[in-house]
2 protein chains.
Amino acid sequence: MTGDTKELMTPMMQKVVANFGEMGSRWGINRTVGQIYALLVLSDVPLNADQIGEALCISRSNVSMGLKELGSWQLLSTVHYPGDRKDYFNAPEDIWQIARTLVAERRKREIDPTLSVLRDALMQTPQDERDVYAQKRIHQMHDLMEQLTQVSEEFNQLSTEQLTRLLKLGAGLGKVLDFKGKLTGKS
Amino acid sequence: MTGDTKELMTPMMQKVVANFGEMGSRWGINRTVGQIYALLVLSDVPLNADQIGEALCISRSNVSMGLKELGSWQLLSTVHYPGDRKDYFNAPEDIWQIARTLVAERRKREIDPTLSVLRDALMQTPQDERDVYAQKRIHQMHDLMEQLTQVSEEFNQLSTEQLTRLLKLGAGLGKVLDFKGKLTGKS
DNA sequence: TCCAATTTTCAGTAATTACTGAAAATACTA
DNA sequence: TAGTATTTTCAGTAATTACTGAAAATTGGA
């Protein structure tokens with residue numbers, strides 16, 4: 001129904017897609033899912049499952065699994081064309097929005113449960129000297145993770161424009177910090 | 001030579017260690033390595049390979065592999081006791097230092113190579129309209145990753161004390177940003 | 001309702017990754 | 001130097017994870 005895909009991916013796209021597949025497997029996302037998403041990010045037009053499978057040389061069912069996973073991560077939107085029943089998928093325009101979603105999902109799935117385990121451990125009564133030390137360490141880890149979580153939440157609430165501005169401060173972060181310290185009178 | 005380990009891990013330690021093993025596998029570090037490191041962080045005293053293996057019920061050789069990997073990440077220090085040839089391992093006191101090391105190593109191994117692939121792609125001459133769009137996206141991804149990298153570098157250069165202070169700003173990040181915006185006169 | 005197009009599921013299999021025991025290498029002591 | 005304690009390596013195997021094709025389920029139209 002919609003025009004064919006010619007060579008599917010240019011050599012440039014192939015390299016980047018392959019790299020993101022590689023990255024994906026290092027970050028606990030499977031290679032195929034990483035490749036699918038990279039392809040959708042790089043592709044000008046939305047793609048259907050058959051096109052994705054053909055471009056990446058994977059089975060239709062594997063594409064379906066991958067899309068299901070990406071969907072559960074809230075990283076896809078779908079488009080339909082008149083006279084064509086197929087679903088066409090694409091990635092958000094705003095690359096920062098993608099990053100925000102990734103951070104938020106990852107936190108929800110991995111950091112939050114760990115924080116909960118750490119909190120449980122902190123509620124318990126130490127059984128011996130070893131537990132006393134362990135709790136000290138658990139407390140440190142808990143605080144660290146909670147603080148980083150809070151910062152990431154802050155980041156996620158900034159608009160893309162604000163974020164860009166913040167990041168452009170670059171080497172100025174330490175200075176802003178010192179300044180703020182003086183401002184509020186905190187040491 | 002050195003006293004025995006009694007029950008090796010308290011129930012509290014067991015739960016936290018198990019959770020970090022689980023976490024490890026989601027972050028592309030293998031479960032065993034995650035468990036070994038959690039154990040070392042929680043343990044008051046340095047442990048030798050046999051103690052680690054016994055506590056986690058894994059073979060001596062697997063412990064050796066795990067320690068080797070952790071060593072390559074610069075996350076261990078070793079201790080020796082007089083009259084005992086064994087190596088005893090432990091994790092740094094400062095939990096923020098551990099985080100800094102993790103961030104730095106991860107960047108070196110995964111982000112930097114990806115940035116390099118993206119830069120290569122940007123140097124190429126687009127072959128057709130699809131490449132033009134792909135390059136636009138690659139450019140966005142490149143900038144995003146480079147900016148995040150720079151921020152993480154900034155973070156890593158702050159002292160633990162500065163970092164703690166910064167993170168305590170918490171909900172104030174957006175405000176600091178706006179303030180700095182006014183200060184420098186940038187929109 | 002039935003039919004055809006499309007997507008999803010899932011049991012079986014392939015591919016990858018992790019783990020072990022035995023052997024080799026290394027480090028220390030005398 | 002030989003002898004012993006300790007660590008590392010690595011081929012084989014186990015366990016896990018990813019992928020496929022066929023079948024089932026779903027969707028939209030007549």
Side-chain angles (χ1 to χ4, degrees), chain A residues 1-2 17-18 20-40 46-73 76-90 109-110, chain B residues 1-2 17-18 20-40 46-73 76-90 109-110:
Chain A
M1 307 281 173
T2 314
V17 164
F20 274 74
E22 216 24 69
M23 281 281 286
S25 46
R26 286 180 187 279
W27 287 80
I29 292 149
N30 92 39
R31 193 167 40 79
T32 308
V33 173
Q35 290 179 343
I36 293 174
Y37 203 62
L39 174 60
L40 292 178
L47 301 176
N48 66 42
D50 291 318
Q51 293 171 321
I52 295 168
E54 202 183 342
L56 302 175
C57 300
I58 55 180
S59 71
R60 180 62 188 70
S61 49
N62 201 7
V63 174
S64 174
M65 301 287 212
L67 290 171
K68 187 183 164 192
E69 170 127 16
L70 288 167
S72 79
W73 285 76
L76 293 179
S77 56
T78 60
V79 176
H80 289 107
Y81 296 107
D84 187 346
R85 287 202 199 162
K86 292 195 176 79
D87 293 333
Y88 287 79
F89 298 89
N90 62 14
R109 292 165 194 232
E110 288 142 27
Chain B
M1 306 283 176
T2 315
V17 165
F20 274 72
E22 215 26 67
M23 280 282 286
S25 46
R26 286 178 186 280
W27 287 79
I29 291 150
N30 92 41
R31 193 167 40 80
T32 307
V33 173
Q35 291 179 344
I36 293 175
Y37 203 62
L39 174 60
L40 292 178
L47 302 175
N48 66 42
D50 291 318
Q51 293 171 321
I52 295 168
E54 202 183 340
L56 301 176
C57 300
I58 54 180
S59 72
R60 179 63 186 71
S61 50
N62 201 8
V63 174
S64 175
M65 302 285 212
L67 289 171
K68 187 184 165 193
E69 170 128 16
L70 288 167
S72 79
W73 285 76
L76 294 178
S77 56
T78 61
V79 176
H80 290 106
Y81 296 108
D84 187 346
R85 285 200 200 163
K86 292 194 175 81
D87 292 333
Y88 288 77
F89 298 89
N90 62 15
R109 292 165 195 231
E110 288 142 28

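Letters A, B, ... mirror the listed sequences (proteins, then strands); counts begin at 1.
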Sugar-phosphate only, base, or nothing, as touched by A:Ile58 at under 4.0 Å among non-hydrogen atoms: sugar-phosphate
Nucleotide D:dA5, atom P - distance to CG of B:Asp84 in whole Å: 12 Å
Selected nucleotide, minimal atom distance to B:Thr32 side chain, candidates D:dT8, C:dC19, D:dG29: C:dC19
Separation of atom CG in B:Asn62 from atom P in C:dA22, rounded to whole Å: 16 Å
B:Ile52: which of B:Val63, B:Thr32, B:Asn62 passes side chain to side chain contact (heavy atoms under 4.5 Å, CB included): B:Val63
B:Arg60 or B:Met65, whichever maps to the more 5' nucleotide of DNA chain D: B:Arg60
From C:dT20, D:dT27, C:dC10, nucleotide with atom closest to A:Arg85 side chain: D:dT27
Sugar-phosphate, base or nothing in reach of B:Asp87, heavy atoms under 4.0 Å: sugar-phosphate
B:Glu54 side chain vs B:Gln51 backbone, donor-acceptor pair below 3.5 Å: no
Nearest-nucleotide pick for B:Asn30, side chain only, options being D:dT4, D:dT20, C:dA18: C:dA18
Spacing between A:Glu69 atom CD and D:dT17 atom P, to the nearest angstrom: 13 Å
Nearest-angstrom distance from the residue atom CZ of A:Arg26 to P of D:dA18: 15 Å
A:Trp27 six-ring centre to B:Arg26 NZ/CZ under 6.0 Å and within 45° of normal: no
A:Tyr81 OH - D:dG28 P separation (whole Å): 18 Å
Sugar-phosphate only, base, or nothing, as touched by A:Arg31 at under 4.0 Å among non-hydrogen atoms: sugar-phosphate
Nearest-angstrom distance from the residue atom NZ of B:Lys86 to P of C:dC28: 15 Å
Polar pair under 3.5 Å, donor/acceptor by atom type, side chain A:Ser59, base D:dG21: no
Distance-only polar pair, side chains of B:Asn90 and B:Ser77, donor-acceptor under 3.5 Å: yes
Presence of A:Lys68 side-chain N/O under 4.0 Å of C:dT7 phosphate oxygens OP1/OP2: no
Nucleotide D:dT7, atom C1' - distance to CZ of B:Phe89 in whole Å: 9 Å
First encountered from the 5' end of DNA chain C, between A:Asn48 and B:Gly28: A:Asn48
Integer-rounded Å distance: C:dT6 C1' and A:Ile52 CD1: 14 Å
Proximal nucleotide (of C:dA22, C:dT9, D:dC19) relative to the A:Ser61 side chain: C:dT9
Side chain to side chain, B:Glu69 and B:Tyr37, heavy atoms closer than 4.5 Å: no
